[in-house]
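Okay, so here's the structure we're looking at.
Indexing begins at 1, ligand by ligand and atom by atom, following the structure's order.
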Amino acid sequence: MGGSRIERFTCTYSSRFLAVREIDEDLMSTNSIDSLLHESRRFPPTAEFSAGAIAKPEIYDEAKADRVGFWADQARDLLHWHKPFTETLDWSGAPVARWFGDGELNVAYNCLDRHVESGNGDRVAIHWEGEPGDTRSLTYAELTAEVKRAANVLAGLGIGKGDRVAIYMPVIPEAVVAMLAVARLGAVHSVVFGGFSSESLRSRIDDASAKLVITADGGWRKGKVFPLKAAVDGALAAEGSTVEHVLVVRRGENEVEWSEGRDLWWHDEMAKVAAEHVAEGFEAENPLFILYTSGTTGKPKGILHTSGGYLTQVAFTHKNVFDLHPERDVYWCTADVGWITGHSYVVYGPLANGATQVMYEGTPDTPHPGRWWELIEKYKVSIFYTAPTAIRSFMKLGREIPDGFDLSSIRVLGSVGEPINPEAWIWYRDVIGAGTAPIVDTWWQTETGGIMISALPGITTLKPGSAQVPMPGIKIDILGEDGTRVDPPQGGLLVVSEPWPSMLRGIWGDPERFRETYWSRFSAGDTWKYFAGDGAHVDSDGDIVLLGRVDDVMNVSGHRLSTQEIESALVSHPMVAEAAVVGAADEATGQAVVAFVILRSDQEGAQTVDEASTILRAHVAQQIGAIARPRQVFIVAELPKTRSGKIMRRLLQDVAEGRELGDTTTLTDTSVMQIITDKLN
Ligand code: PRX
């Protein structure tokens, strides 16, 4: 068994994920991952990089000596406080933390006005590039002015402290302006990724009882305008919505329906209001945003983040992990603002640090496959942060494409969202980073708010395939099933053992689910341990290697999807009696959605298997969004179940990945798998 696992592992680079799945089975006894990574080169920082680096090696000792005091120092150094805090951490209400609880700040002021007041108003905050090639550069002074006006518009629409505002936008500067205007008023934004369906938008608007939706007519993607306003109309069509107004930015110039009294053009409203707006201080624990993410059940969770702790950690990590020198660096994170990476490392971290950044609206291959590299050359990007799935797709296209551009400005590369396989790591460094740029593989989650595990360039000797070490001030443990710490080189479950500033403060409207999901597995008495849902291994150097999710959450192109959410979407179709979904290893996307569906008996024969599969793939895309569209839908007569009726997804995963079947002895009917595999072959 062990031998065949290693053989399989060496087949393709994506086989890292096959290994991950199998390692799940015997996570506790895995001790050969060092050899599995089959990349033994190490990359120490150059003396030159270390000499100029922001983070110095002493930072680890400082944080260790006084963890809580270390975060207080960061909060004071990196942020402006309207009212200074005297209390750093209050954990008496665990697992809900209060950081800097008696302090007051304004998040937008920290991201904008203070940079203008300190003489950096002329520095470019955002070099924005639209997909069709239109561009806009906004200085800190200009961005501040826009946000002040937008805050006045929102206040005029009755938005104030604590109100929820849904934002459903393309990657355009107004998305950032909208988020910061909400934050400036002490209100709470809920950004919904523009690729999500009308249905998904509706459930998020309803869950948070949003009063206002900010959207655009449409945005550009793959050379076409995708309609956003129409999806908002669909989401608000049913009776009983809490939404009073919809503010619409003109971007796509596409036709839109208009609901008089409810709908307002952004540019009309911006022209009517006063230019000045004074930022008020709000308490550090004032909610800043809700961001929905998939969990193990069908309903997405509204992850709640607050202000002072969140901003401290994202500013600290952004500065130290990327070695940001705001006066000379040009930073580019390719994430959409609809994801946590866009929140923390497009909006809040970079702007709190006064960085100059690039924002790009469209897809990497429009109008040509070198578009990203062209932008790096054009803006002289020096820090570049993207996802392994993108790197792998560029690898496939060949190095000739990036080699056609001048990427010599690059000095730091980042990776996020899923494990980066060593082959992709080496390619990224060699081809994009000229064989010299340090790569930081950053592990974190929507829930953690900011980066938790990463190398620090200039300090860490880099190891491809490993996220490496906890950030200073962060305490990570790898535990066995029984909750005891497993010693290297054993594998186990990743937990965060001490509260951290940017930790989630709850699940919107569901405190029980918050405790149950994250805190029930390993906490005991007064000891609270956050269970992340990831498997991990510590190698013989003490570096952390992430092994993927250990629950029913899939990672498709670095995006989180829940198997149950997709199953619910499938069974909502009248053709479907039962459905099971698994994440199957995929060379390009890490994992891909594969569904097994039993049709209702009155539907059998109504369509060909191919037709049924096409209809159901489209149905999932329409219900959730294109990112959830299954790669394959297999129509089957039975699903493998245990005697207690639980679907054995692991066996379906074996089928989806073309593997020999694992142990089938606990099935009610052992012939089921034979029937399924026969049918698919
Ligand atoms: O499984 C881990 C994976 O992405 C999950 C979090 O997803 P999400 O909340 O959407 O946030 C993604 C962006 C921060 C984690 O539980 N993950 C994220 N980064 C890494 C990773 N897995 C391995 N290595 C990483 N660097």
Nearest-contact summary for [atom] - protein heavy atom, Å:
{"atom": "atom 13 (C) of ligand 1", "value": "Thr341 OG1, 3.5 Å"}
{"atom": "atom 1 (O) of ligand 1", "value": "Asp534 OD2, 2.8 Å"}
{"atom": "atom 10 (O) of ligand 1", "value": "Arg560 CD, 3.3 Å"}
{"atom": "atom 9 (O) of ligand 1", "value": "Thr446 OG1, 2.6 Å"}

Exercise for the section: Take the angle between the ring planes of His559 and Phe193 and call it parallel below 30°, perpendicular above 60°, tilted in between. Expected result: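 His559 and Phe193: tilted rings.
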Exercise for the section: Mind telling me whether His189 and Tyr348 have parallel, tilted or perpendicular rings, with 30° and 60° as the class edges? Expected result: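 Ring orientation, 0 to 90° scale: parallel.
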Exercise for the section: Taking all non-hydrogen atoms of both residues into account, name the closest pair between Trp332 and Val381 and its distance. Expected result: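 Shortest heavy-atom separation between Trp332 and Val381 comes out as CB-CG1, 3.9 Å.
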Which is it for [X] and ligand 1 at heavy atoms under 4.0 Å: side chain, backbone, both or neither?
{"X": "Leu546", "result": "side chain"}
{"X": "Pro419", "result": "both"}
{"X": "Ile420", "result": "neither"}
{"X": "Glu418", "result": "backbone"}

With atoms numbered from 1 as shown, which atoms in ligand 1 lie under 4.0 angstrom from a non-hydrogen atom of [X]?
{"X": "Asn555", "value": "3 (C), 4 (O)"}
{"X": "Gly417", "value": "3 (C), 4 (O), 17 (N), 18 (C), 19 (N), 20 (C), 21 (C)"}
{"X": "Val416", "value": "13 (C), 14 (C)"}

Problem - Heavy-atom donor-acceptor pair, Arg67 side chain to Ile474 backbone, under 3.5 Å - result: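 Here the side-chain-to-backbone pair does not exist.
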Practice task
Evaluate the side-chain contact (heavy atoms from CB on, under 4.5 Å) criterion for residues Tyr385 and Phe322: first the C-alpha distance (whole Å), next the side-chain angles of each, then the deciding distance (0.1 Å), finally the verdict.
Solution key: CA-CA 9 Å; Tyr385 191 29; Phe322 299 109; 3.5 Å; yes
Exercise for the section: State which residue, out of Asp207, Asp206, Asp510, fulfils the salt bridge (charged side-chain N to carboxylate O under 4.0 Å, His left out) condition with Lys299. Expected result: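 Result: among Asp207, Asp206, Asp510, Asp207 is the only option passing the salt bridge (charged side-chain N to carboxylate O under 4.0 Å, His left out) with Lys299.
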Practice task
Inspect the contact between Glu565 and Arg560 and indicate whether a charged nitrogen and a carboxylate oxygen are less than 4.0 angstrom apart.
Solution key: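 Glu565 and Arg560: not salt-bridged.
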